[in-house]
Amino acid sequence: MSNIKEVRTLKIMQSFEVFGCFLRHFRPKTDVLPDDIKQVIENYSENGMMNVRNLHDFLKDVQGQFDEDVNAIFEKAKHHNLLKHKGLHLLQFLFSDLNHPLSAILDDMKSPISHYYIYTSHNTYLTGNQFTSDSSVRPIIRALQKGVRGIELDLWPNSTNTDVNVCHGRTLTSSVKLRKCLKVIKDYAFCSSDYPVIITFEDHLNRKLRAKVAIMVKNIFGGMLVQPKKDYKLIELPSPADLKRKIGISTKPPNESLESETNTPQKNVLFPTISDCFQSKDDSDENSKQEVIEMQGEVPEYRDLIAIHATKHKGDVLDSLHVDPNKVRRLSMNEQELVEASKEYGQQIVRFTQGNILRVYPKGTRLDSSNYNPYDGWKHGAQMVAFNMQGYEKNLWLMQGMFRANNGCGYVKKPKFLLEGDPTFRPNEVKKFLKVKVYMGEGWHLEFHHAHFDYCSPPDFYAKVGIAGYEDDKSPRMCKTKSIEDDWWPIWDEVFEFPIRVPELALLRIEVKDNDTTKKNEFGGQTCLPVSELRTGIRCVPLYDKKGEKYKFIKLLMRFEFIIPIENEDGN
């Protein structure tokens with residue numbers, strides 16, 4: 001009897017839910033616009049259509065763009081289907097890629113590589129987690145297409161000790177041939193940027209296989225390869241401009257490596273333990289129970305490949321951070337080592353990175369390919385903050401946002417205070433205020449199924465904005481707009497203000513979610529924008545999915561304004 005009552009109750013609840021759908025207010029898009037946008041349309045168009053003069057005045061008065069070639073923009077508008085027979089549709093122009101939020105001013109790229117943050121990946125060949133996923137060339141291709149300039153390959157002997165595989169050793173990950181990896185790097189290295197690609201080798205090879213790698217690398221890359229002269233000591237790193245369309249190898253010199261006579265991955269992965277996986281792979285040689293022997297003799301062909309000599313942090317921190325005025329090098333630390341070292345030796349780390357390269361990589365317990373806070377490395381000048389590109393969450397979004405700067409070329413100039421030890425640097429002084437107005441959004445109805453967010457009504461979107469940055473620039477929590485009920489085209493028209501102390505390292509975080517009172521709020525898009533390159537005025541801000549793939553249609557209309565505190569207006 002109780003079962004019958006439960007069924008009746010369930011049917012009544014379902015009927016009520018369906019009835020509730022009819023009560024929900026469905027609202028199509030209307031002509032309602034924020035007051036600012038209405039005013040712009042009234043002042044700079046005729047019934048929403050702009051001529052060349054209207055566009056010139058709008059760009060100068062509202063957008064702060066004084067030197068634009070207006071005729072060229074009109075020409076581009078043709079290809080964007082924005083130019084109608086009566087003129088340029090103002091609202092469509094505002095929501096177009098022609099009205100992008102970031103400046104196109106580029107660095108001259110003539111400073112040493114050590115003066116730049118470098119877009120760097122970790123275990124670039126892995127398709128998923130660090131323990132059981134496949135190794136493939138596909139993640140390498142995707143990374144290069146997104147502008148990544150630092151590629152990591154782990155080199156292991158195959159089962160017969162006759163060839164070289166790339167895999168995450170001592171785990172259950174599959175392997176891929178080194179030759180295939182090198183070929184796709186050659187094919188895709190410069191598809192998104194002309195600036196140099198740095199390949200870091202984690203080398204677990206014997207002398208014979210190192211010699212084979214040397215031949216393979218030279219044959220595949222040819223003239224692309226950076227080949228330092230034998231016994232040449234690099235005193236200062238070249239600039240990205242010097243190495244355009246070049247590929248450089250960075251690894252430990254052979255006589256500084258350890259090798260095992262029985263280090264084939266097949267023997268190691270048959271019965272891997274959880275402790276093996278928790279260990280950082282960079283520490284695996286020292287901690288392996290297998291016999292290791294010091295390298296005897298050199299492999300000159302292999303040594304000659306190395307453009308940037310690498311070392312690994314072990315033992316005394318100050319020894320690792322020693323600056324040799326006669327030779328530059330790359331030092332590797334895991335995220336935990338960096339955080340611990342920075343507590344006492346932060347200034348020494350910054351000094352080291354002024355002329356040398358510091359690479360930071362995820363700790364070994366991140367089996368799910370998650371990532372750490374990149375600011376731990378950036379604020380100390382670490383150039384190669386290596387990330388698992390196959391992961392997705394806030395920290396990866398920050399990385400992607402940082403490297404949208406400098407036209408997405410994969411190199412971003414470090415702040416002056418990290419390059420020169422600027423004594424005038426005051427991290428607690430507010431340099432400017434960023435005023436952000438969130439007007440409206442569109443495009444979700446074209447990207448998502450009509451029932452994706454709510455079964456029987458349009459979504460209830462709200463937006464969140466905040467700052468990620470150096471020390472106190474980080475927002476305690478994201479600022480949130482009101483939720484707009486039942487609307488695929490939400491209009492928020494809300495303003496927020498953020499103090500910025502170190503603009504060079506500040507990122508504006510933006511997220512959109514669907515407010516749901518019965519379950520977790522649904523993700524509706526995100527982006528991170530470098531504050532130092534934000535263009536003022538009313539801008540179109542495209543959103544990205546959780547993995548960082550750009551949505552084709554989802555965009556926000558926002559306004560950015562910088563306010564300089566009175567005490568800083570004279571530059572003091």
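This one's a predicted model, so the numbers in the text were calculated from it and none came from an experiment. Numbers here are sequence positions counted from 1.
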Assess whether a salt bridge exists between [X] and [Y], defined as any Lys/Arg side-chain N lying under 4.0 Å from an Asp/Glu carboxylate O.
X      : Y      : value
Glu340 : Lys343 : yes
Asp324 : Arg329 : no
Lys379 : Glu471 : yes
Asp163 : Lys212 : yes
Glu152 : Arg359 : yes
Arg210 : Asp203 : yes
Lys146 : Glu549 : yes

Main-chain N/O of [Y] paired to [X] side chain as donor or acceptor, under 3.5 Å:
X      : Y      : result
Asn371 : Asn388 : yes
Asn158 : Asn165 : no
Ser135 : Ser174 : yes
Ser342 : Val339 : yes
Arg303 : Pro254 : no
Gln383 : Thr353 : yes
Thr173 : Asp134 : no
Ser121 : Gly150 : yes

Can you tell me if [atom1] on [X] sees more than 12 non-hydrogen neighbours from other groups inside 6.0 Å?
X      : atom1 : result
Arg245 : CZ    : yes
Arg179 : CZ    : no
Phe562 : CZ    : yes
Lys464 : NZ    : yes
Phe560 : CZ    : yes
Glu393 : CD    : yes
Lys218 : NZ    : yes

Would you kindly check if the NZ (Lys) or CZ (Arg) of Lys413 is within the cone defined by 45 degrees around the ring axis of Tyr116 and under 6.0 Å from the six-membered ring centre?
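Here Lys413 passes the 6.0 Å and 45° test against Tyr116.
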
Over-ring placement of Arg509 relative to Phe496, 6.0 Å and 45° cut-offs
no

Report the distance from atom [atom1] of [X] to atom [atom2] of [Y], rounding to the nearest 0.5 Å.
X      : Y      : atom1 : atom2 : answer
Ile199 : Ile185 : CD1   : CD1   : 4.0 Å
Met384 : Ser332 : CE    : OG    : 8.5 Å
Leu126 : Arg138 : CG    : CZ    : 12.0 Å
Leu508 : Ile500 : CG    : CD1   : 8.0 Å
Lys252 : Arg330 : NZ    : CZ    : 9.5 Å

Centroid-centroid under 6.0 Å between Tyr411 and Phe403 rings:
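Centroid separation for Tyr411 and Phe403: 6.0 Å or greater.
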
Parallel, tilted or perpendicular: which fits the ring planes of Tyr470 and Phe417, with parallel below 30° and perpendicular above 60°?
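Tyr470 and Phe417: perpendicular rings.
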
